[in-house]
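Starting from 1, each residue takes its place in the sequence as its number.
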Amino acid sequence: MNAVVFGGSGFIGSHTVEQLVLAGYRVTAAVREQSDSTFLDSLGVNVVRVDFSDPSSIAAAIRGHELVYNCTADAKLHTIIDTEAEVEVKLTRRLIEAAAAQGAERFVQLSTIVMYDFRTGDPIDESYVTVPEYPIQALAVKREEVVRQAGRKAGIRTILLRPASTIGVRDLSSFFSRLYRAHIHDQYPVIGDGSGRVSLIDTRDIGRAMAWLGTLDMNGQADDTYLLKGFDTTWGGLKAEIDRAAGKAAATIRIPENPTEEQLAQLHLTPFAIKSFTVNRLWNDSKIRRQGFAPRYSLTDAVDAAVRDLIRRNGNRF
């Protein structure tokens with residue numbers, strides 16, 4: 001099968017490209033003009049530079065590919081959120097329409113568990129109806145609506161994957177690299193007693209799942225959605241794994257579960273981050289497992305790989 005990955009130079013996008021190659025796909029990585037394609041070039045994939053604002057440039061990148069993957073993203077927790085965001089909404093719609101026009105069979109969208117609210121600590125599955133409290137949650141919900149609606153209108157099948165927060169190599173700015181940076185400087189944040197439970201995943205397993213979804217039998221459905229996790233742990237348990245992998249037990253900064261606005265400003269934290277560390281965030285991904293997909297990597301595997309990579313690229317220069 002021929003697959004094209006938009007956002008293939010990004011953290012999760014590069015893992016999607018890598019796992020597609022390992023699974024035997026012929027892969028094109030569609031990236032922006034200024035993107036660093038060093039890793040993609042090392043895989044031997046076809047790298048094309050695309051003007052994401054130009055429909056003809058997008059169409060040319062998609063032409064001849066049965067599968068289209070969208071791993072592009074722009075909004076972050078600390079950025080101003082626009083629910084008509086250029087990347088998350090407008091580009092996503094543009095890509096789906098172009099994929100359908102070029103005769104692609106399937107569009108696979110990388111979504112996010114950030115969309116889920118904090119009303120429950122129970123394991124959440126795909127049937128849970130989230131009520132967005134924060135702008136970034138509303139944007140994630142809006143993007144999924146765009147995928148379904150645009151896909152049905154254009155006549156192309158779509159799949160959404162909502163992976164747990166990820167740990168992996170080639171990480172430049174995710175939660176794990178920030179925690180590791182704090183660990184290096186003996187300022188590892190522990191909110192409350194560190195017993196908050198969380199579902200996480202090795203980024204290699206996200207890439208494997210994206211490749212697997214490319215040929216999954218959809219049984220005639222126009223669209224489908226899957227949650228995915230690798231393992232459950234606690235935030236304290238994650239610190240213990242980083243301690244082990246880094247070869248030292250880092251000192252901690254104890255943060256109250258209900259910090260004042262002044263404390264949040266001093267610690268460069270948001271209410272969203274506090275809730276992420278204190279409300280149990282466990283996912284029930286039995287749906288994708290029943291279909292036959294099983295994650296391969298453990299918490300230890302993920303932390304070891306990520307820490308080795310961070311040390312190789314940065315040493316202690318954080």
Side-chain angles (χ1 to χ4, degrees), residues 3-25 27 29 31 39-40 43 45 67-73 75-76 88 92 106-116 124-126 140 143-144 147 158-177 179 198-216 224-233 238 276 281-307 309-310:
V4 57
V5 181
F6 286 84
S9 62
F11 178 30
I12 298 179
S14 70
H15 282 273
T16 299
V17 172
E18 182 178 33
Q19 294 300 323
L20 283 165
V21 170
L22 291 173
Y25 290 76
V27 186
V31 302
F39 175 72
L40 299 174
L43 294 176
V45 301
L67 303 176
V68 179
Y69 289 85
N70 185 20
C71 298
T72 62
K76 308 291 183 184
E88 281 77 10
T92 297
R106 184 170 302 185
F107 186 93
V108 184
Q109 172 68 50
L110 177 67
S111 189
T112 174
I113 51 87
V114 168
M115 67 184 293
Y116 287 113
I124 291 172
D125 64 15
E126 294 85 355
R143 186 180 211 181
E144 288 205 354
V147 171
T158 59
I159 296 182
L160 291 143
L161 181 68
R162 302 171 185 161
S165 297
T166 187
I167 302 172
V169 302
R170 298 187 296 280
D171 174 8
L172 298 177
S173 61
S174 83
F175 85 98
F176 185 83
S177 63
L179 286 178
V198 61
S199 297
L200 303 170
I201 190 168
D202 188 301
T203 320
R204 289 170 289 188
D205 276 327
I206 300 178
R208 289 180 59 242
M210 292 285 275
W212 181 82
L213 289 169
T215 54
L216 174 68
D224 211 346
T225 302
Y226 292 92
L227 270 166
L228 177 67
K229 69 176 179 180
F231 36 81
D232 296 334
T233 186
L238 177 59
S276 295
R281 301 284 274 168
L282 299 180
W283 318 120
N284 175 358
D285 67 346
S286 59
K287 179 179 175 181
I288 197 169
R289 292 174 188 252
R290 286 195 305 269
Q291 293 281 2
F293 181 81
R296 179 177 296 166
Y297 300 98
S298 68
L299 172 61
T300 297
D301 294 332
V303 171
D304 281 349
V307 168
D309 184 62
L310 286 165

To the nearest 0.5 angstrom, please state how far the [atom1] atom of [X] sits from the [atom2] atom of [Y].
{"X": "L282", "Y": "D125", "atom1": "CG", "atom2": "CG", "value": "12.5 Å"}
{"X": "Q109", "Y": "L213", "atom1": "CD", "atom2": "CG", "value": "12.0 Å"}
{"X": "Y226", "Y": "S111", "atom1": "OH", "atom2": "OG", "value": "14.5 Å"}
{"X": "L310", "Y": "L172", "atom1": "CG", "atom2": "CG", "value": "9.0 Å"}
{"X": "I288", "Y": "R162", "atom1": "CD1", "atom2": "CZ", "value": "12.0 Å"}

#### Entry: Test side-chain contact (heavy atoms from CB on, under 4.5 Å) applied to L67 and L20, step by step
CA-CA 11 Å; L67 303 176; L20 283 165; 5.6 Å; no
Can you name the one residue among [options] that meets side chain to side chain contact (heavy atoms under 4.5 Å, CB included) with [X]?
{"X": "P295", "options": "K229, R289, R204", "answer": "R289"}
{"X": "Q19", "options": "L22, V21, T16", "answer": "L22"}
{"X": "P163", "options": "D205, I113, D285, L110", "answer": "L110"}

Looking at [X] and [Y], would you say the former's side chain and the latter's main chain have a donor-acceptor pair under 3.5 Å?
{"X": "E126", "Y": "L227", "value": "yes"}
{"X": "R106", "Y": "L216", "value": "yes"}
{"X": "D171", "Y": "S173", "value": "yes"}
{"X": "S14", "Y": "S9", "value": "no"}
{"X": "R281", "Y": "S276", "value": "no"}
{"X": "T166", "Y": "T203", "value": "yes"}

Report yes if some heavy atom in the side chain of [X] is under 4.5 Å from a heavy atom in the side chain of [Y]; otherwise report no.
{"X": "F6", "Y": "V68", "result": "yes"}
{"X": "V17", "Y": "Y69", "result": "no"}
{"X": "E88", "Y": "T112", "result": "no"}
{"X": "R170", "Y": "H15", "result": "yes"}
{"X": "V147", "Y": "N70", "result": "no"}

### Message
Assess the residue pair L228 and L161 against the criterion (side-chain contact (heavy atoms from CB on, under 4.5 Å)); give the C-alpha distance rounded to whole Å, side-chain angles, the decisive distance to 0.1 Å, and a yes or no.
### Response
CA-CA 7 Å; L228 177 67; L161 181 68; 3.9 Å; yes
### Task
Check the pair F175 / L200 against side-chain contact (heavy atoms from CB on, under 4.5 Å), numbers first and verdict last.
CA-CA 11 Å; F175 85 98; L200 303 170; 3.8 Å; yes
### Task
Report the relative orientation of the aromatic rings in W212 and F293; use parallel for angles under 30°, tilted for 30 to 60°, perpendicular for over 60°.
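Ring orientation, 0 to 90° scale: tilted.
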### Query
When you look at T215 and Y25, which way does the side-chain contact (heavy atoms from CB on, under 4.5 Å) test go after all the steps?
CA-CA 11 Å; T215 54; Y25 290 76; 3.6 Å; yes
